[in-house]
Amino acid sequence: MHPSDPKPTIVILAAMHLRPHISELFCMAARRLAAAASELYTVKIVAFVSDEPSLTVCQRYGVDVIHTCVGPLGKKMNLGFTELLQNYTFDYILRMGDDDIVSDTLLDVYHPYIQAGLHYFGLNQLYFLDSATHKAVQFQYPYQQAQKLVGCGTMISRHALERTGYRCLILSTSQQSFLGVNLTPGQTYLLPSYQASYLVDMNFATLLSGPFFQMYPDHQMKSMDYILEMAFLFNGFDAKVVHTDTPLITDVKSNTNIWKFNQWNWCSMPVDPEQAMSFWSEEEKQHYHTHILLHN
């Protein structure tokens, strides 16, 4: 990236639904990160929202809102991404959950990867903080060969999103095999738009509809992170793990006892909750103790 280039634009993105106190904590942290990174980046905070309490939180903190359906989550994300790509100009999204509290230094750590133009990268460890028990663990994937990212904190370039997520519906007009797709005349296929446009241009198919965004084909999937990683992998965007000494994100579990991770000593270890909250602001800590911890 040349020094004279304009600052890259990053969208901090989260989906929200009916947990306003948790979402408010996320908004505090996202605004803190945006302020800390403002010299290097233009940062926008955007939420996919489907309920009034979440909308109220976003309005209070100046977070942009994209209205989506109530659920299921896969459909919600597809609809939200469609509008995001159509109406926002950005270079990367920073994919978060609305229960993820992030360190100010995250985008500083990511800066070399952004400058290098990588398309898909993130962390492989984080803190889990269980607000039902006020206990915490440091979770880290143990895999040595596979480049496995935790879902939150993942950076995805706009180019990767457009190439991976946009789909077109085509009607095959001839018997063809192209990039692993075996076409049968008269049958319809839902393909990545860059494949579909080629087949239409070569008169191997006719376009029925598209392009539209469909990252998550199964609206009832159990693991969105798995679907996300496979989608990028199969489209040529290998995950790059950004290694750090300690996690830079805390995933706050509310009304969910996650202490089962204590049994998985191959991938996590108990830590002091204060360690898991070490990069939080005093305002965030106070909000957690007042509105989240005491109300579980």
Side-chain angles (χ1 to χ4, degrees), residues 11 13-17 46-51 65-93 95 97 118-122 146-149 151 154-240:
V11 168
L13 179 67
M16 298 180 180
H17 185 65
V46 179
F48 298 160
V49 171
S50 53
D51 63 283
V65 169
I66 292 177
H67 295 276
T68 57
C69 62
V70 174
L73 185 55
K75 184 176 182 181
K76 182 188 187 85
M77 297 296 286
N78 286 335
L79 291 172
F81 271 124
T82 297
E83 187 165 337
L84 183 75
L85 286 162
Q86 289 175 347
N87 298 315
Y88 284 79
T89 300
F90 61 92
D91 299 286
Y92 285 91
I93 65 163
R95 181 172 172 262
L118 297 187
H119 292 286
Y120 181 53
F121 55 92
Q147 300 295 289
K148 176 67 175 171
L149 309 181
T154 302
M155 289 286 283
I156 307 170
S157 73
R158 184 184 187 102
H159 172 71
L161 276 173
E162 290 177 336
R163 183 179 173 92
T164 306
Y166 273 115
R167 299 288 186 266
C168 292
L169 188 66
I170 63 168
L171 175 67
S172 176
T173 56
S174 59
Q175 188 83 37
Q176 294 291 333
S177 178
F178 176 70
L179 291 180
V181 179
N182 295 313
L183 300 179
T184 300
Q187 291 192 9
T188 57
Y189 298 88
L190 190 64
L191 298 177
S193 56
Y194 69 93
Q195 291 186 21
S197 61
Y198 173 86
L199 293 169
V200 171
D201 288 345
M202 296 298 293
N203 295 318
F204 295 154
T206 57
L207 184 67
L208 297 181
S209 67
F212 61 94
F213 193 89
Q214 190 192 42
M215 178 73 77
Y216 306 105
D218 179 3
H219 295 159
Q220 303 298 334
M221 78 202 67
K222 293 183 178 180
S223 176
M224 294 183 68
D225 292 340
Y226 174 80
I227 297 294
L228 185 77
E229 290 211 338
M230 291 303 99
F232 287 121
L233 176 64
F234 293 146
N235 283 278
F237 301 106
D238 292 332
K240 174 65 176 177

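These numbers come from the heavy atoms of this one structure, side chains and all, not from hydrogens, waters or symmetry mates.
Residues Leu149 and Met155 form no side-chain contact, since every pair of their non-hydrogen atoms from C-beta on lies 4.5 Å or further apart. Within the 4.5 Å cutoff, the side chain of Leu228 has heavy atoms near those of the Tyr216 side chain. No side-chain heavy atom of Lys75 sits under 4.5 Å from any side-chain heavy atom of Thr68.
Residues that satisfy the side chain to side chain contact (heavy atoms under 4.5 Å, CB included) test with Ala15, not counting sequence neighbours, are Phe48, Leu73, Lys76, Met77. Residues meeting the side chain to side chain contact (heavy atoms under 4.5 Å, CB included) test with Gln195, sequence neighbours left out: Phe178, Leu179, Val181, Leu191, Pro192. Leu190 is linked by a side chain to side chain contact (heavy atoms under 4.5 Å, CB included) to Arg167, Leu169, Phe212, Gln214, counting only residues two or more places apart in sequence or in another chain. For Tyr88, the side chain to side chain contact (heavy atoms under 4.5 Å, CB included) criterion is met by Lys44, Val46, Asp64, Ile66, Leu84, Phe90, not counting sequence neighbours. Scored by the salt bridge (charged side-chain N to carboxylate O under 4.0 Å, His left out) test, Arg158 finds Glu162 as partners (sequence neighbours excluded).
Contact between His159 and His119 at its shortest, heavy atoms only, is CD2-CE1, 3.5 Å. Smallest separation of non-hydrogen atoms from Phe121 and Tyr92: CE2-CE2, 3.8 Å. A pairwise comparison of heavy atoms in Phe232 and Ala160 identifies CE2-O, 3.6 Å as the closest pair. Across Leu161 and Phe213, no two heavy atoms sit closer than the pair O-CE1, 3.5 Å. Taking all atoms of both residues into account, the shortest heavy-atom contact from Leu79 to Cys69 is CD1-SG, 3.8 Å. When all heavy atoms of Gly186 and Leu171 are compared, the pair lying nearest together is O-CD1, 3.3 Å.
Around the NZ atom of Lys240, the shell of radius 6.0 Å holds no more than 12 heavy atoms that belong to other residues, nucleotides or ligands.
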Validation: residues 196-210 side-chain donor-acceptor distances under 3.5 Å, sequence neighbours left out:
residue, atom, partner, partner atom, Å
Ser197, OG, Ser193, O, 3.1
Ser197, OG, Tyr194, O, 3.2

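In this structure, CD in Glu83 is found 13.5 Å from CG in Asn78, a value given to the nearest 0.5 Å. We find the CE-OG1 distance between Met215 and Thr82 to be 10.5 Å, quoted to the nearest 0.5 Å.
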Go through the steps to decide whether Leu233 and Tyr120 satisfy the test side-chain contact (heavy atoms from CB on, under 4.5 Å), and finish with yes or no.
CA-CA 10 Å; Leu233 176 64; Tyr120 181 53; over 6 Å; no

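At distances below 3.5 Å, not a single donor-acceptor pair connects side-chain atoms of Glu229 with backbone N or O atoms of Ala239.
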